Amino acid sequence: MPDDAAIAHALMTLARERGPDKSFCPSEAARAVAQDWRPLMDDVRRVAATLPLSATQGGEPVDPETAKGPIRLSLAP
């Protein structure tokens, strides 16, 4: 299983590649670090909450750890 540093690296790489005006699904980071990515989703959201990222759901800000359903992440303003 990938560690938090690998997950953080994947998250920030995606965020920087997209730039401040575009978002991405946390599953993209999970897929970048593991072939069996689904079990990583809680860890990806937990790590995302510690980084300079914004999480949204339906365009509204949410906590990535507690939000239910799909979210999007982007570089924090």
Side-chain angles (χ1 to χ4, degrees):
M1 286 302 253
D3 62 11
D4 287 1
I7 293 170
H9 178 75
L11 286 164
M12 292 308 296
T13 297
L14 282 166
R16 288 185 189 111
E17 286 174 353
R18 301 289 164 86
D21 298 328
K22 300 221 177 172
S23 63
F24 62 95
C25 180
S27 68
E28 293 179 61
R31 290 169 203 237
V33 297
Q35 192 168 29
D36 185 18
W37 57 272
R38 289 190 201 308
L40 289 178
M41 290 307 296
D42 287 341
D43 290 333
V44 169
R45 286 180 174 223
R46 177 181 51 77
V47 172
T50 69
L51 299 172
L53 297 173
S54 296
T56 58
Q57 188 173 55
E60 297 296 320
V62 294
D63 179 338
E65 289 187 278
T66 60
K68 301 292 183 204
I71 64 170
R72 303 289 294 177
L73 297 171
S74 61
L75 284 174

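Everything numeric here is computed off the predicted structure, so don't read it as measured data.
V33 pairs in a side-chain contact (heavy atoms from CB on, under 4.5 Å) with only one of the listed residues (L11, L40, V44), which is L40.
For M41 against A30, the heavy-atom pair with the smallest separation is SD-CB, 3.8 Å. When all heavy atoms of S74 and K22 are compared, the pair lying nearest together is CB-O, 3.5 Å. Contact record, R16 with L75: CA-CD1, 4.3 Å, taken as the closest heavy-atom pair.
Side-chain contact check for C25 versus P70: every heavy-atom pair is 4.5 Å or farther apart.
For the atom pair R31 CZ and D36 CG, the distance stands at 11.5 Å (nearest 0.5 Å). Between the CZ atom in R18 and the OG atom in S23 there is a gap of 8.0 Å [rounded to 0.5 Å]. To the nearest 0.5 Å, atom CZ of residue R45 and atom CD1 of residue I71 are 4.0 Å apart. Distance OG/S27 to CZ/R38: 8.5 Å, rounded to 0.5 Å. A distance of 6.5 Å separates CZ in R46 from CD1 in I7, rounded to the nearest 0.5 Å. Within the model, atoms CD of E65 and OG1 of T50 stand 8.5 Å from one another, a figure rounded to the nearest 0.5 Å.
Using a distance-only test at 3.5 Å, with no hydrogens or angles considered, no donor-acceptor pair links the side chain of E28 to the main chain of A10.
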